[in-house]
*Asks:* 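Starting off with a structure, shown below.
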Amino acid sequence: MKKFMGIALAITMTIVLFVGCASGSKTMKDGKYRAEFKEFTRGWKEYVEVTVKDGKIADVDFDGVNEKGEKKSADPGYKDAMTKAGFKTWPEDFYLKYEKQLVEKQDVTKIDAVAGATTSAGNFKKLVTELSKNLKSGNTKTVIVAVEEKK
């Protein structure tokens, strides 16, 4: 019986070792990554910073800055203008929602647009998509993304 238990234990340990190694393969390299638009649009330049830990997206910072470096999410005038125009969301709200979705879903293609912030959803997806090669290669150099011309 002891011999059988020893063999069973050895087999179990071997299986655990192989499964552990297979599940430990990472598609993303740990580090902090950034992508930003090349130019300002309507006075703001959006950016995204993604932190990868243990091969998964652990933290996301999505926001916009003006030429003074002030964050769009912290601009009370922008919030007031949006709420007065009838929107039920503003940058402080929808940036956070996009950040949380990416951490939860780990896939930018599965991000749902927030009503009233569809342009920012497109910008978020574009920035993260452009950054994806760096996430896989471990290149932490800032990715500069061209702003698409609207026709």
Side-chain angles (χ1 to χ4, degrees), residues 12-151:
T12 302
M13 296 287 283
T14 303
I15 291 170
V16 168
L17 178 66
F18 284 121
V19 170
C21 290
S23 66
S25 61
K26 299 177 185 178
T27 57
M28 292 180 278
K29 307 263 186 196
D30 289 2
K32 190 169 186 174
Y33 304 89
R34 180 181 174 96
E36 64 183 44
F37 284 110
K38 183 177 181 180
E39 299 148 9
F40 291 85
T41 303
R42 297 185 195 144
W44 300 98
K45 183 192 294 191
E46 287 183 314
Y47 69 88
V48 67
E49 289 182 350
V50 175
T51 302
V52 175
K53 185 175 180 184
D54 297 327
K56 293 185 175 186
I57 297 170
D59 189 51
V60 179
D61 178 21
F62 176 46
D63 212 320
V65 292
N66 61 20
E67 290 181 355
K68 296 178 185 176
E70 300 166 331
K71 288 190 171 191
K72 189 175 182 181
S73 63
D75 185 340
Y78 201 95
K79 178 182 177 180
D80 289 344
M82 288 191 76
T83 54
K84 286 178 183 172
F87 291 100
K88 297 189 187 310
T89 190
W90 50 90
E92 182 181 25
D93 177 57
F94 64 74
Y95 282 145
L96 186 61
K97 288 178 180 175
Y98 291 134
E99 294 168 359
K100 285 183 179 181
Q101 284 190 66
L102 185 57
V103 171
E104 289 170 5
K105 297 179 182 185
Q106 296 290 307
D107 184 348
V108 75
T109 64
K110 296 179 180 176
I111 301 299
D112 297 319
V114 175
T118 51
T119 299
S120 288
N123 290 346
F124 182 65
K125 288 179 179 183
K126 182 171 183 161
L127 288 167
V128 174
T129 299
E130 293 291 327
L131 194 58
S132 66
K133 290 178 188 173
N134 287 32
L135 298 174
K136 293 175 185 173
S137 71
N139 181 355
T140 57
K141 183 179 176 186
T142 299
V143 175
I144 306 299
V145 180
V147 177
E148 290 183 17
E149 295 291 326
K150 295 197 179 190
K151 297 178 183 181

*Asks:* Any pair with a residue in residues 77-97 that passes salt bridge (Lys or Arg N to Asp or Glu O under 4.0 Å), sequence neighbours left out, goes on the list, sorted by first then second residue, please.
*Replies:*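 Every pair satisfying salt bridge (Lys or Arg N to Asp or Glu O under 4.0 Å) with a residue in residues 77-97: D93-K97.
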*Asks:* If the condition is side-chain hydrogen bond (donor to acceptor under 3.5 Å, both in side chains), which residues does D75 pass it with, not counting sequence neighbours?
*Replies:*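 With sequence neighbours excluded, D75 shows a side-chain hydrogen bond (donor to acceptor under 3.5 Å, both in side chains) to no residue whatsoever.
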*Asks:* Applying side-chain contact (heavy atoms from CB on, under 4.5 Å), can you list everything that pairs with T118, at least two apart in sequence or on another chain?
*Replies:*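 Scan of T118 (side-chain contact (heavy atoms from CB on, under 4.5 Å), adjacent residues dropped) gives A113.
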*Asks:* Could you pull out the closest heavy-atom pair between T89 and A115, with the gap in Å?
*Replies:*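 Smallest heavy-atom distance, with atoms named: CG2-O, 3.2 Å.
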*Asks:* Heavy atoms only: give me the nearest D30-D54 pair and the separation to one decimal.
*Replies:*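 Between these two residues, the closest heavy atoms are OD1-N, 2.9 Å.
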*Asks:* Return the minimal non-hydrogen interatomic distance between A74 and P76, and the atom names on each side.
*Replies:*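 In terms of heavy atoms, the two residues are closest at O-CD, 3.1 Å.
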*Asks:* If the condition is side-chain contact (heavy atoms from CB on, under 4.5 Å), which residues does K32 pass it with, not counting sequence neighbours?
*Replies:*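 Counting only residues at least two positions away or on another chain, K32 forms a side-chain contact (heavy atoms from CB on, under 4.5 Å) with E49, T51.
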*Asks:* Enumerate the side chain to side chain donor-acceptor pair (under 3.5 Å) contacts for residues 107-116, please, sequence neighbours excluded, ordered by first and then second residue.
*Replies:*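 Residue pairs with at least one partner in residues 107-116: K105-D112, D107-T109.
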*Asks:* Give me the atom names and distance for the closest heavy-atom approach of I57 to V103.
*Replies:*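 Looks like O-CG1, 3.9 Å.
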*Asks:* Write down the atom of G138, the atom of Y33, and the distance for their closest heavy-atom approach.
*Replies:*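 It is CA-OH, 3.4 Å.
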*Asks:* Looking only at side chains, do S120 and E46 share a donor and an acceptor under 3.5 Å apart?
*Replies:*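 Side-chain D/A pair, S120 to E46: present.
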*Asks:* Distance check, rounded to the nearest 0.5 Å: K45 atom NZ versus E36 atom CD?
*Replies:*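 Here the interatomic distance stands at 5.0 Å.
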*Asks:* Taking only residues two or more places apart in sequence or in another chain, which ones pass side-chain hydrogen bond (donor to acceptor under 3.5 Å, both in side chains) with D61?
*Replies:*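 Only Y47 meet the side-chain hydrogen bond (donor to acceptor under 3.5 Å, both in side chains) criterion with D61.
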*Asks:* Does P91 reach the side chain of M82, with side-chain heavy atoms less than 4.5 Å apart?
*Replies:*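 With C-beta onward as the side chain, the pair touches.
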*Asks:* Please enumerate all residues that pass side-chain hydrogen bond (donor to acceptor under 3.5 Å, both in side chains) together with S137, with sequence neighbours excluded.
*Replies:*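 Partners of S137 under the side-chain hydrogen bond (donor to acceptor under 3.5 Å, both in side chains) test: none.
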*Asks:* Measuring from atom OG1 of T140 to atom CG of N134, what distance do you get when rounded to the nearest 0.5 angstrom?
*Replies:*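 Reported to 0.5 Å precision, the distance equals 8.0 Å.
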*Asks:* Side chains of F62 and L102: does their closest heavy-atom pair fall under 4.5 Å?
*Replies:*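 No, too far: nothing below the 4.5 Å cut-off.
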*Asks:* Can you name the residues that form a ring pair (Phe, Tyr, Trp, His ring centres under 6.0 Å) with F94, not counting sequence neighbours?
*Replies:*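 F94 satisfies ring pair (Phe, Tyr, Trp, His ring centres under 6.0 Å) with no other residue.
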*Asks:* Given the rule in the side-chain contact (heavy atoms from CB on, under 4.5 Å) test, do V65 and D63 qualify, once you have shown the distances and angles that lead to the verdict?
*Replies:* CA-CA 7 Å; V65 292; D63 212 320; 5.8 Å; no
*Asks:* Can you name the residues that form a side-chain hydrogen bond (donor to acceptor under 3.5 Å, both in side chains) with E99, not counting sequence neighbours?
*Replies:*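 Result, side-chain hydrogen bond (donor to acceptor under 3.5 Å, both in side chains) vs E99: none returned.
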*Asks:* Filter on salt bridge (Lys or Arg N to Asp or Glu O under 4.0 Å), then keep only pairs touching residues 124-136, sequence neighbours left out; what's left?
*Replies:*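 The answer is K126-E148.
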*Asks:* Considering residues at least two apart in sequence or located in another chain, which fulfil the ring pair (Phe, Tyr, Trp, His ring centres under 6.0 Å) criterion with Y98?
*Replies:*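 Applying ring pair (Phe, Tyr, Trp, His ring centres under 6.0 Å) to Y98 gives F124.
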*Asks:* According to side-chain contact (heavy atoms from CB on, under 4.5 Å), who are the partners of K38, at least two apart in sequence or on a separate chain?
*Replies:*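 side-chain contact (heavy atoms from CB on, under 4.5 Å) check on K38 returns I144.
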